[in-house]
Amino acid sequence: MSSRVARPALAAVRRAAPRTAVRTYAAPAADNSKPPIAIYGLDGTYANALYTAAAKQSALDPTAKALSSLGQILKSDPKLQGILSAPMLSANDKSQIVAELQKHTGGQDKSNTVKNFLAALAENNRLALLEGVCEKFDQLMGAARGEIELLITTAQELDNKMLKRLESAVSKSEYSQGKKLKVTTKVNPEILGGLVVEIGERTIDYSVASKISRMNKMLTEAV
């Protein structure tokens with residue numbers, strides 16, 4: 001995505017979000033095992049349980065790293081998700097799967113928190129939920145660290161210079177709420193140009209596709 005196309009969108013983000021003073025947030029208490037935000041769904045229920053167990057073991061960070069490794073494996077190997085979703089796994093199958101998954105935790109699971117959790121998923125025939133659990137546990141960790149998710153969608157990949165400028169503009173705005181940004185980028189050619197910024201529960205749509213849609217609506221209403 002050229003800087004000439006991105007600059008108007010960057011300026012629009014700055015105009016839409018007035019600057020505020022950055023506030024600091026105290027780190028959560030070390031002995032607080034309660035999940036920092038509400039996470040829903042069955043995978044959310046398991047993610048909450050794992051968070052509580054890891055917090056009580058003082059193993060939140062290594063557990064998060066282990067789940068991140070598992071999540072990457074699941075995303076890179078679609079066949080693995082099919083295996084985890086198989087309805088007729090024997091006890092031996094489940095044991096072998098848990099042992100194999102344990103190998104992909106990056107050596108982070110010193111407390112065996114993740115190993116025990118995987119065993120519980122297998123026992124309850126819920127291994128298919130693992131990818132969702134990894135994603136929702138990451139959300140819990142982000143909230144615990146005082147982070148807020150920033151998703152930037154563009155029609156073409158952003159260069160690092162423009163990405164840093166966008167991140168800086170949003171971080172100085174009221175949208176960031178004074179929190180650390182956790183930045184993710186996404187390429188979607190269907191937006192045609194410009195960008196879509198999603199931060200927390202807010203969406204700032206400056207895509208070309210959105211502008212065309214609004215123009216078509218105005219023309220239709222004028223007829």
Side-chain angles (χ1 to χ4, degrees), residues 28 32-91 93-153 179-188 196-203:
N32 185 6
S33 60
K34 183 179 179 181
I37 57 175
I39 295 288
Y40 301 101
L42 190 53
D43 51 1
T45 298
Y46 278 97
N48 285 328
L50 178 57
Y51 183 95
T52 298
K56 289 180 177 179
Q57 292 289 328
S58 298
L60 280 173
D61 284 339
T63 298
K65 291 176 182 178
L67 285 193
S68 178
S69 297
L70 287 174
Q72 291 174 15
I73 291 295
L74 289 166
K75 283 181 170 62
S76 64
D77 188 356
K79 292 182 179 179
L80 178 56
Q81 184 61 40
I83 293 172
L84 298 182
S85 302
M88 300 298 291
L89 292 173
S90 67
D93 291 333
K94 294 174 183 177
S95 178
Q96 290 184 24
I97 290 172
V98 168
E100 191 62 30
L101 289 172
Q102 185 68 9
K103 295 178 183 178
H104 295 284
T105 57
Q108 296 292 330
D109 190 31
K110 305 298 184 183
S111 65
N112 286 328
T113 303
V114 176
K115 179 181 179 181
N116 294 336
F117 176 73
L118 292 173
L121 283 181
E123 184 178 350
N124 293 315
N125 296 316
R126 299 297 187 185
L127 283 170
L129 295 175
L130 181 56
E131 185 172 359
V133 171
C134 291
E135 293 173 354
K136 292 192 174 180
F137 191 87
D138 185 56
Q139 292 178 30
L140 290 172
M141 290 300 297
R145 293 167 178 152
E147 298 174 345
I148 187 169
E149 294 192 13
L150 170 63
L151 173 61
I152 302 173
T153 303
K179 297 182 179 181
K180 180 181 178 182
L181 298 178
K182 183 178 181 181
V183 183
T184 305
T185 60
K186 178 182 176 182
V187 174
N188 180 8
V196 179
V197 176
E198 298 173 64
I199 179 166
E201 297 180 354
R202 302 186 182 188
T203 299

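The chain is numbered in sequence order, starting from 1.
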Flag side-chain contact, heavy atom, 4.5 Å: Leu151 against Thr153: yes
Summary of salt bridge (Lys or Arg N to Asp or Glu O under 4.0 Å) pairs that have at least one residue in residues 65-75, sequence neighbours excluded: Lys75-Glu131, Lys75-Glu135
Lys79 backbone acceptor or donor facing Asp77 side chain under 3.5 Å: yes
Thr52 side chain reached by Pro35 side chain, heavy atoms, under 4.5 Å: yes
Inter-residue atom distance Gln72.CD - Leu67.CG, 0.5 Å rounding: 11.5 Å
Atom pair CG (Leu74) and CG (Leu84), whose distance is rounded to the nearest 0.5 Å: 6.0 Å
Close side-chain approach of Leu42 to Arg126, heavy-atom, < 4.5 Å: yes
Euclidean distance, Phe137 CZ relative to Thr63 OG1, rounded to 0.5 Å: 5.5 Å
Non-hydrogen side-chain atoms of Ile199 and Leu181 separated by less than 4.5 Å: yes
Test salt bridge (Lys or Arg N to Asp or Glu O under 4.0 Å) applied to Lys182 and Asp138, step by step: CA-CA 11 Å; Lys182 183 178 181 181; Asp138 185 56; 2.3 Å; yes
Euclidean distance, Asn48 CG relative to Ser33 OG, rounded to 0.5 Å: 11.5 Å
Verdict with reasoning, Glu149 to Thr184, per side-chain contact (heavy atoms from CB on, under 4.5 Å): CA-CA 8 Å; Glu149 294 192 13; Thr184 305; 5.8 Å; no
Atom pair CD (Glu100) and CG (Leu80), whose distance is rounded to the nearest 0.5 Å: 9.0 Å
Min side-chain heavy-atom separation Val197-Thr203 under 4.5 Å: no
Heavy-atom check, side chain of Tyr51 versus side chain of Met141, under 4.5 Å: yes
Those residues that, when tested against Ser90, pass side-chain contact (heavy atoms from CB on, under 4.5 Å) (two or more places apart): Asn92, Asp93
Any donor-acceptor pair under 3.5 Å from Lys179 side chain to Glu147 backbone: no
Exercise: identify the closest heavy-atom pair between Val98 and Lys115: CG1-O, 4.2 Å
Lys/Arg N to Asp/Glu carboxylate O, Arg145 vs Asp61, below 4.0 Å: yes
Ile39 and Gln139: CA distance, side-chain angles, deciding distance, side-chain contact (heavy atoms from CB on, under 4.5 Å) verdict: CA-CA 8 Å; Ile39 295 288; Gln139 292 178 30; 3.4 Å; yes
Sole candidate of Leu70, Val114, Ile73 that passes side chain to side chain contact (heavy atoms under 4.5 Å, CB included) when paired with Leu101: Leu70
Atom of Ala128, atom of Gln81 and distance for their closest heavy-atom approach: O-NE2, 3.0 Å
Atom pair CG (Leu129) and CG (Leu121), whose distance is rounded to the nearest 0.5 Å: 7.0 Å
Least distance between heavy atoms, Thr113 atom then Ala59 atom: OG1-CB, 4.3 Å
Student check: side-chain heavy atoms of Leu50 and Tyr46 closer than 4.5 Å: no
Lys/Arg-Asp/Glu bridge criterion (N-O < 4.0 Å) met for Asp43, Lys136: yes
Sidechain-backbone polar pair: Ser85 side chain, Gly82 backbone, donor-acceptor under 3.5 Å: no
Student check: side-chain heavy atoms of Leu130 and Leu118 closer than 4.5 Å: yes
Pro36 versus Ala144, closest heavy-atom pair with distance: CG-N, 3.7 Å
Donor-acceptor pair, side chain of Ser95 and main chain of Ala91, under 3.5 angstrom: no
